[in-house]
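Notes follow once the structure below has been shown.
Chain A is the first sequence line, chain B the second, and so forth, proteins listed ahead of strands; every chain is numbered from 1. On a predicted model such as this, the values are computed, not experimentally measured, just so you know.
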Number of protein chains: 2
Amino acid sequence: MRISSRCEYGLRAMVYLAARGDERPVPLPEIAAEEGIPAPFLERILARLREGGLVKATRGVTGGYQLARESAGIAVGDIVTALEGPLSLVGCVPDEEACARAESCASRVVWRRLDEAISGALNGITLEDLTREAVPR
Amino acid sequence: MRISSRCEYGLRAMVYLAARGDERPVPLPEIAAEEGIPAPFLERILARLREGGLVKATRGVTGGYQLARESAGIAVGDIVTALEGPLSLVGCVPDEEACARAESCASRVVWRRLDEAISGALNGITLEDLTREAVPR
DNA sequence: CTAATCCCAACCTAAAAGGTCGGCATTATG
DNA sequence: CATAATGCCGACCTTTTAGGTTGGGATTAG
């Protein structure tokens with residue numbers, strides 16, 4: 001149970017984009033250099049974020065990446081979900097069919113609570129919060 | 001970011017032990033059969049739980065496993081920690097040295113919040129709660 | 001003594017993590 | 001138009017982790 005570096009990098013890149021403003025696209029090499037992320041790896045991360053509708057890219061010589069919408073509208077949970085798939089930690093929580101014992105399973109209660117705690121924490125913080133260094137409580 | 005089956009199995013085994021009462025040791029094969037866990041794998045899981053001081057084993061022909069203390073004194077977080085190591089999701093939260101950018105890192109705030117949410121959820125439920133099907137809120 | 005149990009080290013396979021590489025498509029600029 | 005900076009994409013690679021299995025030894029009640 002560990003956060004992947006893909007996810008750490010992805011969040012940092014998004015925070016960088018948010019902090020950098022939206023005037024013009026930010027080229028990938030700049031993000032990679034500033035944040036110390038291997039460029040080819042970052043490329044694959046940004047691809048996922050683009051597929052998830054969180055960033056938009058413009059090609060060509062003055063191209064780069066921008067947030068797809070205002071930073072207040074992007075929660076950390078959105079980023080993690082785009083990079084890692086559904087937040088849920090065990091298969092049986094969203095999908096009752098996944099386990100034959102589901103209805104009588106006391107453990108399931110635990111994992112559901114954990115899922116709620118995680119979603120709550122991640123969906124409660126937006127990129128805007130992070131750039132203002134003011135995280136809501 | 002997924003719960004390992006080691007962890008799922010471990011929790012289920014602990015719940016089984018708690019529900020089974022403390023009269024006499026429960027043999028591993030029984031737990032394995034009842035919970036549908038591969039016996040040799042369960043053996044390794046119980047080894048960790050024993051090293052973590054959560055169960056005690058008695059050897060010999062009427063031997064088996066028992067909770068090391070009353071079920072009200074064992075939180076789910078204890079079990080996960082014994083099986084997976086510290087709950088923390090990223091290195092830089094407990095150990096500031098792990099990342100050169102730590103002090104200026106906005107992302108770090110996120111991971112810390114997440115850590116707190118997870119610890120809170122897991123440490124707030126004990127085995128006793130689970131056997132009574134009454135989970136505190 | 002025997003059989004059921006726990007204990008332990010070594011090994012195995014498949015999948016995921018964490019990248020890298022090479023080439024193509026797009027586009028502003030000279 | 002040629003060029004160079006960018007994004008896009010599929011294939012590949014290496015290391016670590018997950019999820020076990022195997023084979024044997026040590027204990028102990030009957």
Item to check | I74(A) backbone acceptor or donor facing D78(A) side chain under 3.5 Å | outcome: no
Item to check | S5(A) side chain to E8(A) backbone, donor-acceptor under 3.5 Å | outcome: no
Nearest to the side chain of [X] - [options]?
{"X": "S4(B)", "options": "dC6(C), dT20(C), dG19(D)", "result": "dG19(D)"}
{"X": "T62(B)", "options": "dG18(C), dA29(D), dA11(D)", "result": "dA29(D)"}
{"X": "R44(B)", "options": "dT21(D), dC7(C), dG7(D)", "result": "dT21(D)"}
{"X": "R6(A)", "options": "dA17(C), dG20(D), dA29(D)", "result": "dA17(C)"}
{"X": "F41(A)", "options": "dG18(C), dT22(D), dC6(C)", "result": "dG18(C)"}
{"X": "V61(B)", "options": "dT27(C), dA4(C), dC7(C)", "result": "dA4(C)"}
{"X": "P27(A)", "options": "dC9(D), dC7(C), dT6(D)", "result": "dT6(D)"}
{"X": "E43(B)", "options": "dT22(D), dC7(C), dA5(D)", "result": "dC7(C)"}

Have a look at [X] and say if it touches a base, only the backbone sugar-phosphate, or nothing, with a 4.0 Å heavy-atom cut-off.
{"X": "R50(B)", "answer": "sugar-phosphate"}
{"X": "G63(A)", "answer": "sugar-phosphate"}
{"X": "L46(A)", "answer": "nothing"}
{"X": "P29(B)", "answer": "sugar-phosphate"}
{"X": "P40(B)", "answer": "base"}

Next on the checklist: Nearest heavy atom decides the nucleotide; on that basis, is T58(A) or P38(B) closer to the 5' end of DNA chain D?
Outcome noted: T58(A)
Checklist entry - Around atom CZ of R24(A), are there more than 12 heavy atoms of other residues, nucleotides or ligands at under 6.0 Å? => result no
Next on the checklist: Can you confirm whether more than 12 heavy atoms, excluding those of E30(A), are under 6.0 Å from its CD atom?
Outcome noted: yes
Checklist entry - When you match R59(A) and R59(B) each to their closest nucleotide on DNA chain C, which lands nearer the 5' end? => result R59(B)
Checklist entry - Can you check whether Y9(A) has a side-chain N or O nearer than 4.0 Å to OP1 or OP2 of dG19(C)? => result yes
Next on the checklist: Tell me whether the side-chain N/O atoms of S5(B) come closer than 4.0 Å to OP1 or OP2 in dG19(D).
Outcome noted: yes
Nearest whole Å is fine: how far is [N] [atom2] from [X] [atom1]?
{"X": "Y65(A)", "N": "dA5(D)", "atom1": "OH", "atom2": "P", "answer": "17 Å"}
{"X": "I3(A)", "N": "dA16(C)", "atom1": "CD1", "atom2": "P", "answer": "17 Å"}
{"X": "R48(A)", "N": "dG18(C)", "atom1": "CZ", "atom2": "C1'", "answer": "11 Å"}
{"X": "L42(B)", "N": "dC6(C)", "atom1": "CG", "atom2": "C1'", "answer": "12 Å"}
{"X": "E8(B)", "N": "dG20(D)", "atom1": "CD", "atom2": "C1'", "answer": "15 Å"}

Checklist entry - Taking the side chain as C-beta and beyond, is there a heavy-atom pair between L46(A) and L49(A) under 4.5 Å? => result yes
